[in-house]
Amino acid sequence: MSFIIGLRNFVFKVLYRIFRPIIFLMDPEQAHYTLKKGGVFLGSNPITRAITSLLFDYNHRMLNIEVDGIKYRNPVGLSAGFDKDGELTKIYPSLGFGLAELGSFTGEVCPGNPGKRLFRMVKSKSIVVWYGLNNLGAEKISSRLANADFGRLKVGINAAKSNVTPEFVLEESIRDYIKTLTLFKDIGDYFTINISCPNTQDGEPFVDKANLDALLIAVNQKIRTISNKPIYIKLAADLSLAEIDVIIDGCIEHKMDGVVLTNLAKPDMNQEHIAAEYPSNLGVLPKGKGAMSGLPLQRISTNVIRHVYRRTRGSMTIIGVGGIFTAKDAYEKITSGASLLHMITTMIFDGPQNINEINRGLVQLLKEDGFTSLEQAVGSRNPLPILSQESVDLTESNDVNDSAEVA
Ligand SMILES: Cc1cc2nc3c(=O)[nH]c(=O)nc-3n(C[C@H](O)[C@H](O)[C@H](O)COP(=O)(O)O)c2cc1C
């Protein structure tokens with residue numbers, strides 16, 4: 001059976017390779033819009049859903065995983081940013097996804113940034129994103145999704161703060177997040193709080209400890225009391241280790257359930273990819289703006305996962321994201337400490353069949369390592385440093401272990 005599915009995926013891979021140049025002739029944002037419309041159509045009736053399942057779905061019991069009380073049929077998820085208005089939930093299960101993170105949704109309607117906002121970097125297998133959180137706003141989207149039945153798909157709700165003014169006002173920003181989280185309290189399975197959008201007018205103010213504390217205190221007071229969904233925090237890719245540790249320690253202190261690692265990588269620190277793609281960059285990319293997905297992010301995000309898994313001693317859920325193109329890439333993030341995965345860029349460069357090909361490959365890799373379940377593989381190639389008795393006491397009292405090493 002696995003052989004037949006492999007053959008099926010190979011045929012679609014070749015077909016996608018043939019059609020990709022045509023898709024890549026389109027403006028990237030137009031292509032995104034067109035593919036989304038196709039997805040809405042495929043999800044709109046049982047017949048197209050059944051055909052899509054036949055062509056793209058894959059199931060295996062070794063991929064089942066329970067994370068924070070939620071049972072996922074597989075760990076492969078769609079990352080935030082593809083479905084910014086939550087329109088495609090009906091088709092994701094047929095495409096093989098175990099989960100999908102919708103959004104980012106913001107408290108206010110957000111038009112996003114002006115001008116050209118997506119750029120392909122084919123050599124680097126990357127997308128430079130300058131969207132700026134365009135979405136229809138939490139009110140409209142939550143009322144549309146209010147009674148939606150997501151079936152076997154597990155759904156994450158990604159909340160970001162509205163990108164409508166250049167000034168940062170702490171109370172207003174917190175109110176904005178709380179508005180979205182409250183409106184979605186009964187929709188989906190978990191929350192992600194996105195404090196790391198690289199494309200907003202007022203930067204990333206929740207890297208600051210005092211601001212983060214204020215946000216997480218408000219979340220605990222206002223959201224934990226009305227919803228028992230797990231809450232995860234999405235971190236940026238380009239933080240220093242000291243900054244990562246401040247946020248992680250804050251997440252532990254305020255009892256967040258986990259983290260999503262990581263958001264996009266800023267070109268400033270990864271100029272070589274831009275230079276390779278656009279040697280004279282004659283205004284092709286917006287200078288100093290936008291951030292990169294895909295391959296340039298792969299190593300960065302895996303290193304962050306390794307560090308956070310060790311610092312938290314595996315006590316927090318990690319969703320791994322950034323440059324996953326193959327089952328091997330996915331497995332590296334799992335064995336580094338991630339229990340679940342998100343991805344977007346592989347669908348653009350490799351095609352939708354790659355979702356189930358990654359799932360199929362994961363089963364193979366689990367078997368090769370002698371595991372009988374996905375849970376056993378989480379963090380298995382990122383051994384934790386041995387603790388002294390003193391640090392064991394600290395960990396048991398739920399404090400952060402200062403002696404964690406950087407992987
Ligand atoms: C077109 C696009 C839009 C994105 N928009 C968001 C967003 O609104 N919120 C968010 O948290 N991340 C957003 N991201 C980041 C992704 O969720 C993910 O962290 C990143 O793309 C790395 O995964 P990948 O390499 O598999 O694409 C976006 C990424 C892309 C490519």
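Here the structure is a predicted model, which means the values were calculated and not measured. We count ligands from 1, going down the list as the structure has it; atoms in each ligand are counted the same way.
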query: Can R381 and E332 be counted as an ion pair, charged N to O under 4.0 angstrom?
result: no
message: I'd like to know if E357 and R360 make a salt bridge, using a cut-off of under 4.0 Å between side-chain N and carboxylate O.
response: yes
message: For S104, run the side chain to side chain donor-acceptor pair (under 3.5 Å) check against N158, N163, N134, T180 and tell me which one passes.
response: N158
- prompt: Exactly which residues line ligand 1, taking a heavy atom under 4.0 Å from it as the test?
  reply: S79, A80, G81, K84, S104, L118, V129, Y131, L133, N158, N194, K234, T262, N263, L264, S293, G294, L297, V321, G322, G323, M343, I344, T345
field: Within the 6.0 Å centroid threshold, strictly below: F24 and F349
entry: yes
query: Is the side chain of D68 donor-acceptor paired with the backbone N or O of P230 at a distance under 3.5 Å, no angle test?
result: no
query: Cation-pi between K154 and Y72: NZ/CZ under 6.0 Å from ring centre and within 45° of the ring axis?
result: no
